[in-house]
Protein chains: 2
Amino acid sequence: MATIYEVAALAGVSPATVSRVFNGNTVSEEKQRLVRDAAQQLGFTPNKTARRLRKQSSEIICLLVPDIENPFFTALARGVEDRAQESGFSVVLCNTDDDPAKELRYLQIAASEHMAGVILSPASDEVDLGAIASLGRPVVAVDRTTPYPVDAVKIDNRAAGIAATTALVEAGFRRIACIAGPAGIEETEDRYLGWKQVVTARKTLVRDGFLQHANFRVDGGRAAMNALLDLVQPPDAVVTTNNLMAIGALQALHEAGIDPEDFGVAVLGELPYLLPPPSSVVQVRLPARHLGRTAATMLLERIGGDTQPLRTVVLRAEIARPPLSL
Amino acid sequence: MATIYEVAALAGVSPATVSRVFNGNTVSEEKQRLVRDAAQQLGFTPNKTARRLRKQSSEIICLLVPDIENPFFTALARGVEDRAQESGFSVVLCNTDDDPAKELRYLQIAASEHMAGVILSPASDEVDLGAIASLGRPVVAVDRTTPYPVDAVKIDNRAAGIAATTALVEAGFRRIACIAGPAGIEETEDRYLGWKQVVTARKTLVRDGFLQHANFRVDGGRAAMNALLDLVQPPDAVVTTNNLMAIGALQALHEAGIDPEDFGVAVLGELPYLLPPPSSVVQVRLPARHLGRTAATMLLERIGGDTQPLRTVVLRAEIARPPLSL
DNA sequence: GTGCTTGACGAAATCGATTTCTTGCACTTT
DNA sequence: AAAGTGCAAGAAATCGATTTCGTCAAGCAC
């Protein structure tokens, strides 16, 4: 890899001039040409590490998501990536497994790697954004918020919960349960509140045990569904607060030999790659990609020096009935 | 962020000593303690950028995949990540969209960022590994190989194709078509050859048009399936060479009102999150995660200075019949 | 006691860019 | 003509670590 010094030597100028050529500063036409020719000839690419050390910043955005295998988050990542590319930034995607320790570790890396900013879906309320914050690096929370004063992009989770539940009520179901995520995660908490609001307002039957907490994964959804089916008076429909848990719930229904046409299922999120789902499945589409794109836009604005007051952007989910893209 | 100089000043030693403490060199007990205390007190973390500039290398692995939204590749990424973590390495995940230009761009970034090594699924045969290679950074090709002399981990694609097709034959299907990926990609080429070998050996009926090429995505699979169904004498079964195309094919079947029980479908790959697939769907499990883990292991060995001759590890796919994990 | 080895450790060079000073020259301005 | 202004461009400092080199003292052999 050629260095700026070799280019300078070949072009017969000082290294400073070479740097100026590549950073848009005032250099005479004459020397510009000399430098560019020399650079071309040597196949010179500026060394990012050296530049970063000097400038104390880079063109890399760190994206922290809890589960890279969840299509919701990969779609979100695509949104971030597309937007970042447009501005010449690269994205580093890191998987936290919803583990605060891993999360902290990546945040420290982001800091010591001089990354330009961080977009994250916090694993818990206790995220320590101290290190990043003290460096003055911008942070945008996405999908979930944090107690720290940072910009955020989220979904109107309660409205989504309301929409999903209402759809089930209107489809004629009267004993609607809810499979929510782990207690304490705001995102799922709000969705569950949406459910609660509707079942209360519509005076549908709610029994003890109709609210199940599960981890966000397929197995959690399945276990929760089984628990619901084991109730003395089981529900006739269920709202699941994320996509993977819905899959688990549908699997459990299938195993129990229940015809999905007879059991209402509403999902907050999309069922990825699903073959025609039973027509009673209601999907509330979460704009994952758009969420990512918006977060990236906000982050880039901050990186660019924008100092307007903190913002929280709330995106609305749209309800979709099957057959969706079919 | 505290620097090594501040720590040195506080501990009353030279910066060199501080560095030595954190790099396992000979330092007296006494000063070790002094330095560690000082570091602790200041919350010192070594600046990775400076270190990288000096050492001309980092602890970051670059992983290039063609489609981050394909569960096959996220599983692979998990494998890489898990292994990397064990050795204290971080993984940067980049999406090439099967676009050689994007790929090249990322490879250049990997080079100028002094990343420790690269694991990639090449978008095409024309990948230019020149830049990376000339830096002496190790590269491991995964899932697909390249003409460049690098280590590789792949799947026995032909065997997988054979297994899938054979299963259909044994299930009694006699007009078996194949939906392959884009022509020219070795990975899909081999799988298709497996199909060809079996249909030839078993003398099943093969018509013009029974081999369809498609992009690797859902829409491609659907279009190909529709083309097959439009044939005058359509097939009674199909082998699809990747997971997403299978989804598309199944969608097309559904739209055409064909009962999936009557139409044989075999997939090279797993159908993610699928509700109980029609019992005639044969899935050949591709060990994606393991593929990633193996590639990471090989790369880390090279990074560690291993100079054994080039290796190509071939992993065998295992055939699975539904209901799989259900 | 002299000479030699060994080990701890400080001084200074180094990685490769960016950026601040400075210098020198051309060109106005009065 | 002297002084002031502006601008291109080189010299050198800087970012924060690692590493080479050299010094000094302790330990050991003869």
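Everything numeric here is computed off the predicted structure, so don't read it as measured data. The sequence lines fix the lettering, A, B, ..., with proteins before strands; numbering per chain opens at 1.
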Arg302(B) atom CZ, over 12 foreign heavy atoms within 6.0 Å = yes
Counting only heavy atoms not in Glu29(A), do more than 12 fall under 6.0 Å of its CD?
-> no
Heavy-atom nearest nucleotide on DNA chain D taken for Glu29(A) and for Tyr5(A); more 5' hit belongs to Glu29(A)
Count the heavy atoms belonging to other residues, nucleotides or ligands that lie under 6.0 Å from CD of Gln40(A), then report whether that count exceeds 12.
-> no
Does the side chain of Arg105(A) pick up a donor-acceptor pair with the side chain of Gln85(B) at under 3.5 Å?
-> yes
Per nearest nucleotide of DNA chain C, the residue lying toward the 5' end, Val27(B) or Leu53(B), is Val27(B)
Are a donor atom and an acceptor atom from the side chains of Arg83(A) and Ser87(A) found within less than 3.5 Å of each other?
-> yes
With a cut-off of 3.5 Å and sequence neighbours excluded, list every side-chain donor-acceptor pair involving residues 53-61 of chain B.
unit_1   : atom_1 : unit_2    : atom_2 : d
Gln56(B) : NE2    : Leu53(B)  : O      : 2.9
Ser58(B) : OG     : Ile60(B)  : N      : 3.4
Ser58(B) : OG     : His114(B) : O      : 2.8

Check DNA chain D against residues 42-52 of chain B and give the residues with a non-hydrogen atom under 4.0 Å, in numerical order.
-> Phe44(B), Thr45(B), Pro46(B), Asn47(B), Ala50(B), Arg51(B)
Measure across Val150(A) and Val139(A) and return the closest heavy-atom pair with its distance rounded to 0.1 Å.
-> CB-O, 3.5 Å
Looking only at side chains, do Ser14(A) and Thr17(A) share a donor and an acceptor under 3.5 Å apart?
-> yes
Please name the pair of heavy atoms, one in Ile4(A) and one in Pro15(A), separated by the smallest distance, quoted to 0.1 Å.
-> CD1-O, 3.7 Å
Using heavy atoms and a sub-4.0 Å distance, could you list which residues of residues 9-23 of chain A are near DNA chain D? By number, please.
-> Val13(A), Ser14(A), Ala16(A), Thr17(A), Arg20(A)
From the list Thr96(A), Thr74(A), Leu244(A), Asn242(A), side chain to side chain contact (heavy atoms under 4.5 Å, CB included) with Asp67(A) holds only for Leu244(A)
Would you call Glu81(A)-Arg293(A) a salt bridge at under 4.0 Å N-O?
-> no
With a 4.0 angstrom cut-off to heavy atoms of chain B, pull out the first and last contacting nucleotide of DNA chain D, in 5'-to-3' order.
-> dG16(D) to dT20(D)
ring-ring contact (aromatic ring centres under 6.0 Å, His included) contacts in which one or both residues fall within residues 41-90 of chain A, not counting sequence neighbours = Phe22(A)-Phe44(A)
Quick one: do the Ser121(B) and Arg144(B) side chains pair a donor with an acceptor below 3.5 Å?
-> no
Overall bend of the helix from dG1(C)-dC30(D) to dT30(C)-dA1(D) (five pairs an end, 10° steps) is 50°
Could you state the atom-to-atom distance from CD1 of Ile4(B) to P of dG10(C) in whole Å?
-> 12 Å
